[in-house]
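To start, the structure itself, in C-alpha cells.
Protein chains get the first letters and strands the later ones, always in sequence-line order, with residue 1 at the start of each. It should be emphasised that the depicted structure is a prediction, and the values quoted were computed from it without experimental measurement.
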2 protein chains.
Amino acid sequence: MAKTIAQSDFAQLYASAGRACGLLKVLANPDRLLLLCHLAEGECCVSDMEVALDIHQPTLSQQLGVLRDEGLVATRRAGKHIYYKLASPESIAIINTLQAQFCKPSKK
Amino acid sequence: MAKTIAQSDFAQLYASAGRACGLLKVLANPDRLLLLCHLAEGECCVSDMEVALDIHQPTLSQQLGVLRDEGLVATRRAGKHIYYKLASPESIAIINTLQAQFCKPSKK
DNA sequence: TTTATATAATGTTATATGCTATAATGTCAA
DNA sequence: TTGACATTATAGCATATAACATTATATAAA
C-alpha cells in the first residue's frame, strides 16, 4: 500500500509538475538566473544590474519583463530609477538550493 | 566591501550559472520531472514507469535518454528489464526543493 | 532636453515534442 | 542454436514554438 497512485492523486501530481516546470523554464536562462542571484543579495535598480552583470539594456529589460510577468520579482519606483527585488518564495527556495549546489565553496 | 565583484569572481559566477542552467533545462519538462519524482521514491524499470506515468514507450525512452546523457540517472540491467535510479546529488537537491514547494500539503 | 527604463518589431536560429518505424539486446522454448 | 517474443533504445521526420539579439522608438521623471 501507499504505492498505488489514485487517479486524483495523479492529476494533482501532474498539475504540480506543470507549475514546477513553468518556474523551471523561467529560471533556465543564464541571464535571468544571474539576475535573480544578484537580487538575492538585495534590492537593485536596473542601471546597477546593467553594470554589474554586463547585459545590455534592452536585453536586460526584456528578461526583467519575463521575471515580472511570472511574478518572480516586484518593482518599486524611486525617481528615475526602478528598483527590483525577489518576490516569489518558490523561486527563492530554488535559488538557494542552486547556490548551495553550484556555488558552494566560494567563501570559507 | 564584499559588494564589489572581482573579474575572476564574475567569471566563476557566470560558469556556475551556466552549469545550473544546464540542469534546469533538463528539469524543465513535465515528463522528465514526473519521471524524476517517481524515481525519487526508488529504483524503477522502464515498463513500470510507462504504466505508472502513462507516457508511451518511445517518448519515455527518449526522455530517459536525456536524463542518462546528463548524468541524472544511472541504469542497471536485470534480465529483460533495465532499472533506473537517481544519480546526481544536485538534481536530487532540486527535486526535493521542488517537492517541498509544490507538493507540500499532499499528505497530512 | 536628458536620463532611465520599457516595449515593439523583426529576423534568425535553435529546441522541443511527438510520431512511426526499426534496431538492439536479452529470454526462453524447442 | 535457432526462432519467437518481450523489453528498451534509436533514427528520422515534421512541426510548432520560443529563444535571442538587435534596432528603433516610446514613456516617465527630472
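Of the possible polar contacts, one joining the A:Arg32 side chain to the A:Val26 backbone as a donor-acceptor pair under 3.5 Å is found. A distance-only check finds a donor-acceptor pair linking the side chain of B:Arg77 to the backbone of B:Gly79 [under 3.5 Å].
Put simply, CZ on B:Arg76 is 14 Å from P on D:dA9, counting in whole angstrom units. Taking atom NE2 on B:His81 and atom C1' on C:dA24, their separation rounds to 16 Å, with Å as the unit. In this structure, CD1 of B:Ile82 is placed 8 Å from C1' of D:dA9, rounded to the nearest angstrom. Summarising the geometry, the separation between CD on B:Glu70 and C1' on C:dT15 is reported as 14 Å, rounded to the nearest angstrom.
With sequence neighbours excluded, the residues satisfying side-chain contact (heavy atoms from CB on, under 4.5 Å) with A:Val46 are A:Leu60, A:Leu64, A:Tyr84. Applying the side-chain hydrogen bond (donor to acceptor under 3.5 Å, both in side chains) test to B:Glu43 and every residue at least two apart in sequence or in another chain returns B:Arg76.
A:Tyr83 comes within 4.0 angstrom of no nucleic acid atom, judged by non-hydrogen atoms across all strands. A:Ser61 comes within 4.0 angstrom of a nucleotide base, judged by non-hydrogen atoms across all strands.
Residues B:Leu35 and B:His38 have side chains not in contact (no heavy-atom distance under 4.5 Å, counting atoms from C-beta outward). Considering only heavy atoms from C-beta on, A:Asn29 stays 4.5 Å or farther from B:Leu24 through its side chain.
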Nucleotide-resolved protein contact map, nucleotides 20-30 of chain D, B/S/- at heavy-atom distance under 4.0 Å: SSBBB---SSS
